[in-house]
Amino acid sequence: MRKTLITSPTSEPVTLIDVKSFARIDCNEDDFLISSLITQAREYAENYTHRKFGSQVWEMTLDAVDITKCVKLEQYDVQSVSSITVYDKDNVSTVVPVSEYDLYTNRILFDLGTYDLRSFDSMVINYTVGGNIVPDAIKLAIMQMVSTFYENRESVINGTISSMIDASAIVNMAGHTIYSV
């Protein structure tokens, strides 16, 4: 199974202005750095919580052995399935009609008995995940992480023992974590 991000979110959950105000950064010279740190912090929050913040399009490619009557998508916040394409042993592609599958939360239920699938890269699923409503606790966690990343840009900080992610950011994300995906 392979997952590929097709379309990233068009905006981040927090703005550059929000982060600069939160972190008390007055200069404009580091705006590009701070913007990229916002993206990194959002991605960290997504990986930690098993959620996606901001609408994103993903593609999942499965081999025949991975395909069952119930295929579980890795992301939880699935909005819709755009298309499901299967490839038979003659490498002919067929778009699976919507009437042949159902989407339940993050699972797709099939009846693929009529398809004689090839062994590798047998099915490609395109789907949209995430939402535009981001909890305030996640926004705060992202701003906390960006502030920490900005202030601690060295790979090693002499004379301290600390983790890169502030404990309060972890606490803010914990309440929005999905533990069984």
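Nothing fancy with the numbering, it's 1 onward along the sequence.
- When all heavy atoms are compared, the tightest approach of Y87 to N91 is CD2-O, 4.4 Å.
- For the atom pair OG of S83 and CD1 of I125, the computed distance is 9.0 Å after rounding to the nearest 0.5 Å.
- With hydrogens and angles disregarded, a donor-acceptor distance shorter than 3.5 Å links the side chain of N106 to the backbone of L73.
- The number of heavy-atom neighbours closer than 6.0 Å to CG of D26, taken from other residues, nucleotides and ligands shown, is 12 or below.
- In this structure, D121 and D63 approach most closely via the heavy-atom pair N-OD1, 2.8 Å.
- Residues V57 and Y101 do not share a hydrophobic cluster, defined by chaining ILVMFWY side chains whose heavy atoms lie under 4.5 Å apart.
- D66 CG to M60 CE: the interatomic distance, rounded to the nearest 0.5 Å, is 9.5 Å.
- For the pair D88 (side chain) and D90 (backbone), a donor-acceptor distance under 3.5 Å is present.
- The OH atom of Y48 sits 9.5 Å away from atom CD1 of I138, with the distance rounded to the nearest 0.5 Å.
- Side-chain contact check for I84 versus F110: some heavy-atom pair is nearer than 4.5 Å.
- K89 places no side-chain N or O within 3.5 Å of a backbone atom of S119 that could act as its donor or acceptor partner.
- V86 and F120 sit in two unconnected hydrophobic clusters of ILVMFWY residues. Membership requires side-chain heavy atoms under 4.5 Å apart, directly or through other members.
- Side-chain atoms of S80 do not come within 3.5 Å of backbone N or O of S82 as any donor-acceptor pair.
- Put simply, CG on D31 and OG on S35 are 6.0 Å apart, with the number rounded to the nearest 0.5 Å.
- No more than 12 heavy atoms of other residues, nucleotides or ligands sit less than 6.0 Å from atom NZ of K69.
- Remark: F149 CZ to I142 CD1 distance equals 10.5 Å, nearest 0.5 Å.
- Panel note: side chain D30, backbone I34; no donor-acceptor pair is recorded below 3.5 Å.
- Side-chain N or O atoms of T148 include one that pairs as donor or acceptor with a backbone N or O of Q144 at under 3.5 Å.
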message: With side chain to side chain contact (heavy atoms under 4.5 Å, CB included) as the criterion, how do V96 and Y115 come out once you've worked through the C-alpha distance, each side chain's angles and the decisive distance to 0.1 Å?
response: CA-CA 10 Å; V96 178; Y115 299 102; 4.2 Å; yes

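- Looking at every heavy atom in both residues, S8 comes nearest to Q56 through C-CG, 4.5 Å.
- Taking hydrophobic clusters as Ile, Leu, Val, Met, Phe, Trp and Tyr residues chained together by side-chain heavy-atom distances below 4.5 Å, L109 does not share a cluster with V81.
- Side-chain contact check for D77 versus F53: every heavy-atom pair is 4.5 Å or farther apart.
- Two different hydrophobic clusters hold L117 and V65 under the rule that ILVMFWY side chains link at heavy-atom gaps under 4.5 Å.
- Minimum heavy-atom separation, I6 to W58: CG1-C, 4.1 Å.
- Residues L140 and F22 are in side-chain contact: their nearest non-hydrogen atoms beyond the backbone lie under 4.5 Å apart.
- I67 and V98 fall within a single hydrophobic cluster, where Ile, Leu, Val, Met, Phe, Trp and Tyr are joined by side-chain heavy atoms under 4.5 Å apart, directly or via other members.
- Taking CD1 of I108 as the start and CE of M123 as the end, the distance is 8.0 Å to the nearest 0.5 Å.
- Nearest approach of A41 to M145, heavy atoms of both residues: O-CE, 3.4 Å.
- Residues N28 and K20 have side chains in contact (heavy-atom distance under 4.5 Å, counting atoms from C-beta outward).
- Heavy atoms only, all atoms of each residue included: S147 and A23 are closest at OG-CB, 3.8 Å.
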